[in-house]
Amino acid sequence: MNSSGNYQPPEPPDEIKNIINKLANFVARNGPQFEEMTKKKQENNGRFSFLFGGQFHEYYQYRLQRERADMVHPKPNNPAGPAIPAEDLPDLNQFLTLLSPVMASCTKDSIQQARNWILENCKQSQRAWYVGQFLLYIVYSEERSGKERLHVIYLMNDCLHQAAKAKVLDIIKGLEAVAVAVIYCGKLADPECALLPKMKKVLDLWKKKKKKK
């Protein structure tokens, strides 16, 4: 590996690059345990071979170092999203324990618990945006089934509905920034999914809501 501080490894294709960039951001902000959790879940997923020393491992390490450096010296007007001090970040590991039952069964109780966590922990738009980015990452993961992606979309829809009823504008602002992207990713990741009409229904609903504003 080139030891020059200005060295940037070759970039992977856009699809893998997006996965690496998002994961590096989450690992930098949530600690190495988040990387270990991802390794366990993605050990048989070829797109995550960079976590195990495979192709694009060098680019992943480069992005991880950049993300950690940006946390210490944040860049103004970061185009990737609003800057969030490390101490103000929501605990994604805690959130994932509530999100997993939603993806598995999407019961009323599991939706309510995950929704209440978001409403309680994402009262600032930056925190809501960050959780939305995490949901985007989850939806686009290759291992997710169409049903799991749909359940995540239902959760976001429920959060936005409840936030609107409670007039929690910062949560609406933060989640709306990624809501449509989450639904689009669900469609792109699983274009043959039999649940596609339900995803499209939610997407059309949010398109109409955004046009009214």
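Applying the ring pair (Phe, Tyr, Trp, His ring centres under 6.0 Å) test to pairs two or more places apart or on separate chains, those with a residue in residues 96-119 are Phe95-Trp117. Pairs of residues two or more places apart, or lying in two chains, that qualify as side chain to side chain donor-acceptor pair (under 3.5 Å) and include a residue from residues 99-109 are Thr107-Ser110, Asp109-Gln113.
Under 3.5 Å, the side chains of Asn45 and Gln42 contain a donor-acceptor pair of N or O atoms.
Every residue meeting the side-chain contact (heavy atoms from CB on, under 4.5 Å) condition with Asp170, not counting sequence neighbours, appears here in chain and number order: Ser125. The side-chain contact (heavy atoms from CB on, under 4.5 Å) search around Gln162 returns Arg115, Leu119, Asp158, Lys165, not counting sequence neighbours. Every residue two or more places apart in sequence or in another chain that forms a ring pair (Phe, Tyr, Trp, His ring centres under 6.0 Å) with Tyr60 is listed here: Phe50. Residues satisfying the salt bridge (Lys or Arg N to Asp or Glu O under 4.0 Å) test with Glu11, not counting sequence neighbours, are Lys17. Contacts of Lys123 classified as side-chain contact (heavy atoms from CB on, under 4.5 Å), with partners at least two apart in sequence or in another chain: Glu120. The side chain to side chain donor-acceptor pair (under 3.5 Å) search around Tyr59 returns Asn21, not counting sequence neighbours. Residues passing the ring pair (Phe, Tyr, Trp, His ring centres under 6.0 Å) test with Phe134 are Phe26, Phe34, sequence neighbours excluded.
No side-chain heavy atom of Glu148 sits under 4.5 Å from any side-chain heavy atom of Val152. Using a 4.5 Å cut-off on side-chain heavy atoms (C-beta onward), Leu99 and Leu135 make contact. For the pair Asn18 and Tyr137, the minimum side-chain heavy-atom distance is 4.5 Å or more.
Note: Lys147 NZ to Leu150 CG = 9.0 Å, rounded to the nearest 0.5 Å. Rounding to the nearest 0.5 angstrom, the gap separating the OG1 atom in Thr38 from the CD1 atom in Ile19 is 11.5 Å. We find the CZ-CD distance between Phe52 and Glu43 to be 6.5 Å, quoted to the nearest 0.5 Å. Rounded to the nearest 0.5 angstrom, Tyr62 OH and Glu67 CD are separated by 10.5 Å. To the nearest 0.5 Å, the span separating CZ on Arg144 from CD1 on Ile138 amounts to 4.5 Å. Between atom CG of residue Leu175 and atom CD1 of residue Ile171 there is a gap of 7.0 Å, rounded to the nearest 0.5 Å.
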>> Between Asn25 and Leu64, is the side chain to side chain contact (heavy atoms under 4.5 Å, CB included) condition met? List the steps.
In response: CA-CA 7 Å; Asn25 179 274; Leu64 187 55; over 6 Å; no
>> Walk me through whether Arg127 and Leu89 qualify under side chain to side chain contact (heavy atoms under 4.5 Å, CB included).
In response: CA-CA 7 Å; Arg127 292 168 67 91; Leu89 287 171; 5.6 Å; no
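Of all non-hydrogen atoms in Ile118 and Cys159, the two that sit nearest each other are CD1-SG, 3.5 Å. The shortest heavy-atom contact between Gly174 and Ala128 is CA-CB, 3.9 Å. Smallest separation of non-hydrogen atoms from Ala114 and Val102: CB-CG2, 3.8 Å. Here the closest non-hydrogen pair linking Pro101 and Thr97 is CD-O, 3.1 Å. When all heavy atoms are compared, the tightest approach of Ile111 to His151 is CD1-O, 4.5 Å.
Using a distance-only test at 3.5 Å, with no hydrogens or angles considered, a donor-acceptor pair links the side chain of Arg149 to the main chain of Val139.
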